[in-house]
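In this text the structure is predicted, and so the values were computed from the model without any measurement. What's counted below: heavy atoms across the whole structure, side chains too, no hydrogens, waters or symmetry copies.
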Amino acid sequence: MAAVSHLPVASSSGSFLITPNVGLMIWTLLLFGISMWILWKLAFPRISEALDRRQHAIEESIDHAERVRNEADDLLAEYRERLREARTQAEDILDRARKTGEVTERNAQDQAEKRREQLMEQTRREIEVETRRAIQEIRREVADLTVMATEKVTRKVLDEQDQRRLVEEALSELDFSTLAPSEDGH
């Protein structure tokens, strides 16, 4: 028995693409080669050039971004340093202000204490002056009263020498030291 081939026979109904034909393959390879050569000469250099420009632009963008990032890092470091310096200066200013305030407060207290002491001393002097004046006034009153009392008792007017003697005697008997301020200011 003979082997029967069941392969379909090429018909003219468009199956020439399915069955390999050597002539068609040569023409296809030849057209593919020509297309590749045209693309290689005309399109590929332009595509390669566009890709190179694109790659160069991307590299420049990356380099620019890296420079900008480095500049930003430098600025950030500089701002942080300035912020640290500003904080240090602010702390120094606060310390100086606090110390100045303390010194001013102490000076004000010292001045107030000195002023109080001056006023106390001035008041003591004024009291002493007023006490002396009052004692002198009392002495004059006592002298006048003594003269009047003596005139009434003796019913005669004393001459000036007698009046002085009587006043001196009366004054010597009075203790004016209790009217004068004591040494401790009380």
Side-chain angles (χ1 to χ4, degrees), residues 1-133 180-186:
M1 294 216 230
V4 179
S5 161
H6 293 307
L7 293 171
V9 179
S11 67
S12 61
S13 66
S15 62
F16 67 90
L17 292 175
I18 298 175
T19 57
N21 187 347
V22 175
L24 184 60
M25 285 189 345
I26 290 175
W27 279 108
T28 304
L29 286 174
L30 185 61
L31 285 175
F32 180 75
I34 291 172
S35 297
M36 286 302 287
W37 182 79
I38 290 173
L39 287 173
W40 189 265
K41 287 294 183 184
L42 298 176
F44 285 162
R46 289 183 181 159
I47 292 172
S48 178
E49 185 179 316
L51 288 175
D52 286 343
R53 281 194 310 257
R54 180 72 178 143
Q55 179 183 2
H56 184 69
I58 290 172
E59 287 174 353
E60 283 183 1
S61 294
I62 290 172
D63 289 343
H64 179 70
E66 185 68 26
R67 283 192 307 271
V68 168
R69 187 180 66 79
N70 288 339
E71 289 174 5
D73 287 344
D74 291 345
L75 283 174
L76 181 62
E78 183 180 337
Y79 287 139
R80 285 182 178 162
E81 181 62 29
R82 286 184 182 177
L83 182 61
R84 242 187 319 274
E85 289 174 3
R87 284 183 182 153
T88 303
Q89 288 176 353
E91 289 173 4
D92 289 345
I93 289 170
L94 286 175
D95 286 343
R96 283 186 293 200
R98 193 175 302 115
K99 288 177 184 174
T100 301
E102 290 171 359
V103 166
T104 303
E105 182 181 0
R106 273 192 303 248
N107 288 344
Q109 287 175 346
D110 291 345
Q111 288 177 353
E113 181 66 24
K114 286 178 185 176
R115 181 68 180 147
R116 186 185 69 80
E117 288 176 9
Q118 288 173 348
L119 288 174
M120 291 293 287
E121 184 61 31
Q122 182 180 355
T123 304
R124 281 187 199 112
R125 284 193 304 264
E126 288 174 0
I127 289 171
E128 192 175 306
V129 167
E130 285 299 315
T131 303
R132 284 188 195 134
R133 188 187 62 75
S182 63
E183 292 297 318
D184 61 2
H186 296 301

### Task
Could you tell me whether the side chains of Q89 and E85 share a donor-acceptor contact shorter than 3.5 Å?
no
### Message
Going by the rule salt bridge (charged side-chain N to carboxylate O under 4.0 Å, His left out), which residues pair with R46 if we only count those two or more places apart in sequence or in a different chain?
### Response
none
### Message
As an exercise, state the distance from CE of M25 to CG of L29, rounded to the nearest 0.5 Å.
### Response
7.0 Å
### Message
Any carboxylate oxygen within less than 4.0 angstrom of a Lys/Arg side-chain nitrogen, looking at R133 and E130?
### Response
yes
#### Entry: Salt bridge flag under 4.0 Å for residues E78 and R82
yes
### Task
Calculate, to the nearest 0.5 Å, the distance between atoms CG and CG belonging to L76 and L83 respectively.
10.5 Å
## Note on the structure
Distance col, row Q109:CD vs T104:OG1, nearest 0.5 angstrom, shows 11.0 Å
#### Entry: salt bridge (charged side-chain N to carboxylate O under 4.0 Å, His left out) against R116, all qualifying residues, sequence neighbours excluded
E113
### Query
Taking 4.0 angstrom as the limit, do E91 and R87 come out as a salt bridge?
no
### Message
Could you check whether R132 pairs with E128 (Lys NZ or Arg NE/NH1/NH2 to Asp/Glu carboxylate O, under 4.0 Å)?
### Response
yes
### Message
I'd like to know if D73 pairs up with R69 as an ion pair, taking the criterion as any Lys NZ or Arg NE/NH1/NH2 lying under 4.0 Å from an Asp or Glu carboxylate oxygen.
### Response
yes
### Message
For the CG atom of N70 and the CG atom of D74, what is their distance to the nearest 0.5 Å?
### Response
6.5 Å
### Task
Go through M36 and F44 one step at a time and tell me if the side chain to side chain contact (heavy atoms under 4.5 Å, CB included) criterion holds.
CA-CA 9 Å; M36 286 302 287; F44 285 162; 4.2 Å; yes
### Task
Test R124 against E121 for side chain to side chain contact (heavy atoms under 4.5 Å, CB included), laying out the working first.
CA-CA 5 Å; R124 281 187 199 112; E121 184 61 31; 3.4 Å; yes
### Query
To the nearest 0.5 Å, what is the distance between CG (L119) and CD (E126)?
9.5 Å
## Note on the structure
CG (D52) and CD1 (I47) are apart, to the nearest 0.5 Å, by 12.0 Å
### Summary
Of H56, E49, Q55, the one forming a side-chain hydrogen bond (donor to acceptor under 3.5 Å, both in side chains) with R53 is E49
